[in-house]
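For reference, the structure is listed below as structure tokens.
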Amino acid sequence: MHQEVIMAGTGGQGIMVIGQLLAYGAVGEDKNVVWFPSYGPETRGGTADCTVIVSDGQIGSPVTAVPDTLLAMSQIQIGRHASKIKKDGFIFFNSTLVEDPSKECPDCKSVGVPASEIADELGNMRVANMVMLGAFVEVTKSINLDSVCKALTKVLPSHRQDLIPLNEAALRKGAEYAAKLK
Amino acid sequence: MHQEVIMAGTGGQGIMVIGQLLAYGAVGEDKNVVWFPSYGPETRGGTADCTVIVSDGQIGSPVTAVPDTLLAMSQIQIGRHASKIKKDGFIFFNSTLVEDPSKECPDCKSVGVPASEIADELGNMRVANMVMLGAFVEVTKSINLDSVCKALTKVLPSHRQDLIPLNEAALRKGAEYAAKLK
Amino acid sequence: MTGTKVFERPKALSDIQHSYCAGCLHGVMHRIVAEVIDEMGLLENTVGVCPVGCSVFMYDYMSCDMIEASHGRAPAVATGVKRMLPDKFVFAYQGDGDLAAIGTAETVHAAARGENISVIFINNGTYGMTGGQMAPTTIVGEKRTTCPKGRDPKTAGYPIKVCELLATLDGPSYITRVAPVSAAGINQTKMAVKKAFQNQLDGKGFSFVEVLSNCPTHWKMKPIETFKWIEETATVHFPLGVFVDR
Amino acid sequence: MTGTKVFERPKALSDIQHSYCAGCLHGVMHRIVAEVIDEMGLLENTVGVCPVGCSVFMYDYMSCDMIEASHGRAPAVATGVKRMLPDKFVFAYQGDGDLAAIGTAETVHAAARGENISVIFINNGTYGMTGGQMAPTTIVGEKRTTCPKGRDPKTAGYPIKVCELLATLDGPSYITRVAPVSAAGINQTKMAVKKAFQNQLDGKGFSFVEVLSNCPTHWKMKPIETFKWIEETATVHFPLGVFVDR
Amino acid sequence: MAFIEINKELCKGCELCIHFCPKKLIEMADGFNSKGNRFSQVKNNGESCTGCALCAKVCPDVAIEVWR
Amino acid sequence: MAFIEINKELCKGCELCIHFCPKKLIEMADGFNSKGNRFSQVKNNGESCTGCALCAKVCPDVAIEVWR
Amino acid sequence: MAAKTLMKGNEAIVRGAIAGGCRGFFGYPITPQNEIPEYMSALMPEIGGAFVQAESEVASINMVYGAASTGARVMTTSSSPGISLMQEGISYIATAELPAVIVNMQRGGPGLGNIAASQSDYFQAVKGGGHGDYKLLTLAPWSITECYNFAAMAFDLADKYRAPVMILADAIIGQMIEQIEVPEKVESHPVEKPWATNGCKGRKHNVINSLYIIPKDLEEINLKLQAKYALMAENEVRFEKTQTDDADLVVVAYGATARISKTAIDLARKEGLKVGLFRPVSLFPYPSAELLKMAEQGKKFLVVEMSHGQMLEDVKLSVNGKAEVSFYGRSGGMVPNPLEVLDKIRELLGKSNGSCGCGCCCGKTQKTEVSK
Amino acid sequence: MAAKTLMKGNEAIVRGAIAGGCRGFFGYPITPQNEIPEYMSALMPEIGGAFVQAESEVASINMVYGAASTGARVMTTSSSPGISLMQEGISYIATAELPAVIVNMQRGGPGLGNIAASQSDYFQAVKGGGHGDYKLLTLAPWSITECYNFAAMAFDLADKYRAPVMILADAIIGQMIEQIEVPEKVESHPVEKPWATNGCKGRKHNVINSLYIIPKDLEEINLKLQAKYALMAENEVRFEKTQTDDADLVVVAYGATARISKTAIDLARKEGLKVGLFRPVSLFPYPSAELLKMAEQGKKFLVVEMSHGQMLEDVKLSVNGKAEVSFYGRSGGMVPNPLEVLDKIRELLGKSNGSCGCGCCCGKTQKTEVSK
Ligand SMILES: Cc1ncc(C[n+]2csc(CCOP(=O)(O)OP(=O)(O)O)c2C)c(N)n1
Ligand SMILES: Cc1ncc(C[n+]2csc(CCOP(=O)(O)OP(=O)(O)O)c2C)c(N)n1
Ligand code: SF4
Ligand code: SF4
Ligand code: SF4
Ligand code: SF4
């Protein structure tokens, strides 16, 4: 197993957090992992990407040339990353905010998840990221959803730990939604 | 004609000034010249040396390895420079302050001038440097004393120009003293 | 819908929307600076100097000539500009990390020289751009990422009151501290900026407007809460007023 | 000849004679600092920090441990020392170019932090070591090699009154300005140094003694004339007194 | 009659105008603008707006224009 | 009886002690010390010195010791 | 042995430094290394160490100068522009022979640049960005584990040589999270510091100084420093070779680009290309002898950097004309990806015919240079 | 043509700069270049220019940044420690493509060092002491006449390339007095500066900036800078060759050491030794091609510097293993005298036998290195 993922959105959307959740979740399954971020402008509102590589073997480059998967939460990130995705790779996109990217990368599989809407239904827009991650895990099976949920305690800052149930709910909602797509 | 001279004393003795007088005097005679200083500590009271090279030809190195002449106004400078002086070169020393350096450089000619005393007689200790330069010019004949006197207007700062007669007197006294030595 | 437009985007602001966080007063201050430039007819005569800090991109947001200075050195950069172009209008716009930490010497000396420039100082009690660290203006007890238990004067000292500090110098012609967090405060702020700019046109020398500003993101407050905090707490430690006017 | 010796070279001064110009008050101030160290029994507990300036060689002249700081950074260096050795006595000794020009930020921030160190500030209105240039403390109208027609506030600004500036901060526990140019002044200076040192031992934080000093060489005055000038002119621009004591 | 126009695309949803409007004529709209931001809107068709422009002056994003 | 000792080799001839001595007991000596500096000396064998130590306190070169 | 945990590079620097005995941190915020002062501000008080957020990088490095003078193990960290501001202070520290650790998490330059990764401060680190003939023992970690270990080891090296040690990393290394097995205890070798200025009880006073007004004295200090650097060159050369034995082409890269190159080499090997990796770990002292040896075996070299060719010069100086040296570089925060490096490898091996394998001056975003 | 007059190096810098159109000076005192700000403070007001004694070197270089942004011809000067403090600012100026002139009158280093002459800031000047891949066009005068001429010319070059230009001299050159024939008028080529920030009347607003938050953009800036440096390498290489045609050994030296070597070579020629002088005048761009040509002719090289071997690396990179390169250096303010250089020449020519002429590792105060 060797998965190279780019997660990409806008500052404030919690992209880094879901990247780290995937990383910590993978470690829980004794996989090797590398996470690394890249920001736009130092101020808020710019682009925020992270790369996560999960592998059974040693990981060399933390930089990915041909990612297996893109998880995109803003329109602009489609333009920046979609064309690089591997043939038959996945593009997960928050369909509330992002148009279907099938045109941009015809030979990969686009999976739209109305994450903001689902999150709004859950009562907190800010967990749209978790919805996306839930869908990602369900479809790619990179790791188990439970491993992700377990990682929540490690990744969320101490003053946010009360939000774990909400986050977990969002993860599961995302997974459910994706399961239905199949 | 090619003369390499080191003038050396203590900060405040006017070493740099007599070096520049020699330089400007030489230019007045259409000779090539290089002057360059080296200081001890940035604060006062340290050593103050300058090198003056006067030549009919082009001057390469501003640094002299084997000076033709040393003009020393403090004891410590004898130790620093005397041994470098060329065979048959001159060492001029202010005999009021400096011991006869014949031992330090047996194969060169030592010329003692009681410059501080002579200056004191002239009413201003500070012109001891001029006395030394007068003696130097008289003995080495590097340039004419008149050229040196003419250079006074160029070298002395404007607020010191009233002291030109005194300085000129000191130069001539030094020359006279040296002439008598011969 | 008809009527006259009584409020619109000033010309000295460019068309580019700034990327400040929602509710950040940098936006209001840019607008005020731009309005005053418009009203005084200075647009084509202005050279602005922006800092390193959240407002680093101010050069994109203004439509006058702009220079991006290195961190803290805007007063030195502005000095260089003004000395070569004494007839142009030169302002510097700086945050509190920029002006009161790394740029302390440049600020004090531009003020001491009575450099004929206008400085707008955005005091938001934190380093916004780098993620909410302690600033030299952070009030004792406030938590920041580099004083996670609250600023402890025993190890981190006390905030610097820059207006009071500069007011001890003979160079400045105008020093004031304002807080654009109420209707009146916003109007006063604009008046202060105007006076600072006019002073320069009158050749009076260094003028300085300290703006008690906010950082909703790193203060972890809603924008309106930051306004309240400034009115109720910040102004106690940083009293508003005119410190020099001559 | 018998009797008791009532005045001798303090132990905290080394045997090396300093190379200051005749009549330079750096010598007197070294002696006073050394005497206070002796009297307070601090010699073996002291780390001194000397500046870049004429007193750069102070490390040779003192017999306590000494550090030669880079130009202007003595307060930062002293901070580093004190933080690692909170139980040792740490002082910095600086000239006005060092402290009030290049070292402005380090000075203001050490003071603002209330850093528990003692700073002796020798204000002689010029850069002695480099040949008599204008200092940030040069009085308007005074001639220096970089303001040969006299300091002109239009281009060179106004002198900085460092005590008054630092007194606006909450960090300092003691700020005073003295002038050791009379019998009384010399005694007061020593008392001030003693108090500044005692404050540190008491853990009170930053203390600061500004000394109106001289530079006979570059002022082009006889030593005794510099004393008169300080009494009659310098003290008008830099009033003596205690600015902070808490 | 005075009125204001809020540029939905410039608005970042900070809600300051809502708090500053003395007539409480502004509210948050549902949904998001194209940048993904919440945004504010005029309520009740702006009935009783005096054109005081306080909303515009406090808006950090210069999203509000005022007519009188 | 109080007296002072001026270390001729340390003295740089600044003359401050001369001005500070309330009894005017100090004067410049003729000649130079080994460093080429002028130096001061006690006049009249120090008659009437009170040991006030003002000369010593003002001496930048710590050249004066005082006995009482 | 502790279990594997995930850690960010910046955090690993902090934890490694503390394990290595660091008890004083002086720094100023700058992206991409802000986690270092942030962690330090939380941890130092807990272990009785000192944390000061300085007013600037100039103040930071001078606080380090003072703190190191006391004999304590202390450090500062910053990123490119901040490190530039420290150059005077670093030169002083080197001259006064003070042990201290400096970390540069390089970002895109020159100027204010940006906050992405770069390796464009190599010259500054190893040739001397400050004035005078000093050197910095420079270590380049390529993993989180190395961040931790090098941070700890740096204090030993600094003490051993009474010299400043630099850890030269970049935004990728600093921001990256990966597994690390945190050792339960780090080998640490504190030394006596009889030179420290900590009060002269029972001894002559100590002086920390970099002023030697008499040129002869200063030259002697310089010769002493040079001798120290020669000793470092003898003892502290560190590098790693992977699959170089049979390689026709050896990729030379350090830090993040070495990892990227490693993946490219793995891909190239799959294509049957005989490529290896030479990773300098100490950038000063530089592993020149090892490169020369390989050059003499007839291997060619490809230097990969996030710069316009800085370490390239040290490679050329090492092989001294005995081998072909090519270059692939990106800059300004652009990070080469493994395929770009692979392309370059293919090109060099495909067209190689003993003489200059030219035709390599390709495209806008890469700079290629071949010298024989 | 004016008559010959005596002038000090520092004064010649001032007068040359003014002749070259300098109208703004921003500086901070430091020995051995204090005469420059002193003369500037007297002269600038007379010609309607600006003089500011800055509060520090950091402020100086940033004032230059601002002043240069307006399109004016401006400069700063300092010496080693002060130049180290300017490294961040210099990197900004290079990135923002501002024309400006910086003079370094090098003194003994590292650290506070002393005020005697040295050439130990070569790396800092030509490799980039600040962060990022920038370069400084660097000129090294060896006479008072060149101080004057280069100071004037530097402003033209700075404008031509929109780049900072450094004059790298030392305490000897700065403090030396010798004859100069001051030209009545200096060729000066002012250029249009449509990019200058001087009020946006009748045009779009101008921005002076070094922030490019998007790596691609910053890489493009870097490529633009690299292209500029390549252009400099094409057009601005300056050097002087004396008696190299028949020489077996070529001494390579710049500035003061070139003069000293010149005398040594004259003495050696008198002894029948075939020695010549190669004097790089531009240190960046470096006259590599010329050195390589001579290397290919079979000549050997002796590099003489007041450092522990900095320009030496550029000589080695130039000849790329094709010639033997030896070194003689002094440091810390120690200045080699012509006889020391002569001894070294004798030794190299006397023992030369085609292979490495070793046995040269002599004495404490000199460092010798031979590489083939
Ligand atoms: C020399 C240097 N040091 C540090 C930084 C990193 N840095 C960027 S912005 C900033 C502080 C910003 O804080 P402030 O000035 O208060 O402005 P704000 O972002 O709060 O508006 C710092 C430390 C830098 N860019 N350059
Ligand atoms: C970075 C740096 N800049 C400049 C200098 C040169 N310099 C040495 S001492 C000095 C000023 C000394 O003046 P001051 O602090 O007033 O002390 P004083 O000599 O008058 O006692 C300067 C500018 C230096 N050594 N280092
Ligand atoms: S981080 Fe703070 S100061 Fe910066 S834009 Fe956001 S709210 Fe404003
Ligand atoms: S130059 Fe001035 S400050 Fe320096 S030692 Fe002499 S008198 Fe004192
Ligand atoms: S103040 Fe402006 S940005 Fe904030 S909610 Fe109102 S219109 Fe939107
Ligand atoms: S005060 Fe001291 S140095 Fe001055 S004359 Fe008297 S004894 Fe000599």
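Chain identifiers are assigned alphabetically (A, B, ...) following the order of the sequence lines, protein sequences preceding nucleic acid strands; residue numbering begins at 1 within each chain. Quantities reported herein were computed from a predicted structural model and do not represent experimental measurements.
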Most chain H-contacting option - heavy-atom pairs closer than 4.5 Å, from Asn45(C), Leu85(C), Leu42(C):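 Most heavy-atom pairs under 4.5 Å with chain H: Leu85(C).
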Using non-hydrogen atoms only, which part of [X] is less than 4.5 Å away from chain H: side chain, backbone, both, or neither?
| X | result |
| --- | --- |
| Ile67(C) | both |
| Thr46(C) | backbone |
| Ala69(C) | backbone |

Student check: side-chain heavy atoms of Leu211(H) and Val56(C) closer than 4.5 Å: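 The answer is yes; the side chains approach within 4.5 Å.
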Side chain to side chain, Ile117(C) and Phe206(C), heavy atoms closer than 4.5 Å: yes
Donor on one side chain, acceptor on other, Tyr28(H) and Glu57(H), under 3.5 Å: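 Judged by distance alone, the side chains do not pair up.
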Cation-aromatic face contact Lys161(C)/Phe238(C), 6.0 Å, 45 degrees: no
Structural part of Ala68(H) lying under 4.5 Å from a heavy atom of chain C: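 Neither part.
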Top contributor to chain C contacts, counting heavy-atom pairs under 4.5 Å, from Thr70(H), Val207(H), Asn206(H):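 If we count pairs closer than 4.5 Å to chain C, Asn206(H) comes out on top.
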Positive for side chain to side chain donor-acceptor pair (under 3.5 Å) with Gln200(C), one of Lys82(C), Lys88(C), Glu115(C):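 Of Lys82(C), Lys88(C), Glu115(C), side chain to side chain donor-acceptor pair (under 3.5 Å) with Gln200(C) is met by Lys82(C) alone.
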